[in-house]
Amino acid sequence: MTIGRFGGAYFLDRFGRTAVVRASAVSGAIGLLLVIFSDSAVLAGAAVLFWGLGASLGFPVALSAAGETGPDETARVSLVATIGYVAFLVGPPGLGFLGDHWGLRTAMLVVLAFMISAAFLAPAVDTRDRVAAMRDQRR
């Protein structure tokens with residue numbers, strides 16, 4: 001995740017938010033698939049790199065997008081931060097509960113579903129059109 005956060009700015013500037021978030025989600029999904037379905041410890045260890053890169057930019061990019069469009073930026077940023085922190089607090093015990101009942105690999109399918117949905121929701125972080133429309137309204 002550290003590598004993704006430090007190197008992410010270059011890719012965000014070069015390819016845009018939607019492409020980077022989509023690529024991150026795909027990378028995370030590939031890493032998760034390998035972790036879930038691989039019996040090799042070496043392959044699963046390498047897959048964690050894909051998973052970490054995939055998970056590295058979602059939250060920071062969502063916070064940036066929330067703060068750039070529409071009225072009351074503070075409320076939108078605080079809502080996104082609250083959702084992120086609730087996921088941070090509820091996610092691990094929730095996955096542990098599912099893991100106790102159905103196994104940890106099966107529980108990780110929930111995380112995989114969220115990664116796949118992030119790939120489809122990636123256009124939501126592209127705020128260029130909304131920012132331009134707001135500027136035109138102000139004129």
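This structure is a prediction, so every number in the text was calculated from the model and none was measured.
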When rounded to the nearest 0.5 angstrom, what is the spacing between [atom1] in [X] and [atom2] in [Y]?
X    : Y    : atom1 : atom2 : answer
L104 : L95  : CG    : CG    : 7.5 Å
L112 : I116 : CG    : CD1   : 4.0 Å
L34  : S40  : CG    : OG    : 10.0 Å

Consider only side-chain heavy atoms of I, L, V, M, F, W and Y, link residues closer than 4.5 Å, and tell whether V111 and F120 are in one cluster.
yes

Side-chain heavy atoms nearer than 4.5 Å, only ILVMFWY residues, links allowed to pass through others: does that put M108 and L33 together?
yes

[X] and [Y]: which non-hydrogen atoms are nearest, and at how many Å?
X   : Y    : answer
L53 : S27  : CB-OG, 4.1 Å
R5  : P60  : NE-CG, 3.5 Å
S56 : G4   : OG-CA, 3.4 Å
V80 : A66  : CG2-CB, 3.6 Å
T18 : V125 : N-CG2, 4.3 Å
S38 : A44  : OG-N, 4.1 Å

Quick one, V20 and V61 - any side-chain contact, counting heavy atoms below 4.5 Å?
no

Please identify each residue that fulfils side-chain contact (heavy atoms from CB on, under 4.5 Å) with V35, with sequence neighbours left out.
A47, V48, W51

List in chain and number order the residues that pass side-chain contact (heavy atoms from CB on, under 4.5 Å) with S117, two or more places apart in sequence or in another chain; answer none if no residue qualifies.
F114

I'd like to know whether V21 forms a side-chain contact (heavy atoms from CB on, under 4.5 Å) with L57, so could you lay out the CA-CA distance, the side-chain angles of the two residues, the decisive distance to 0.1 Å, and finally the verdict.
CA-CA 7 Å; V21 169; L57 292 176; 5.7 Å; no

Taking salt bridge (Lys or Arg N to Asp or Glu O under 4.0 Å) as the definition, give me every residue that meets it alongside R17, ordered by chain and number, with sequence neighbours left out.
E68

Are D39 and R105 close enough for a salt bridge, meaning some N to O gap below 4.0 Å?
yes

Contact list for residues 8-32, test ring pair (Phe, Tyr, Trp, His ring centres under 6.0 Å), sequence neighbours left out:
none

Once ring pair (Phe, Tyr, Trp, His ring centres under 6.0 Å) is applied, what residue pairs with a partner in residues 55-101 remain, sequence neighbours excluded?
F97-H101

Please test L109 against I36 for side-chain contact (heavy atoms from CB on, under 4.5 Å), starting from the C-alpha separation and ending with a verdict.
CA-CA 8 Å; L109 292 173; I36 293 168; 3.9 Å; yes

Co-members of the apolar cluster containing L79 [side chain, <4.5 Å]
I83

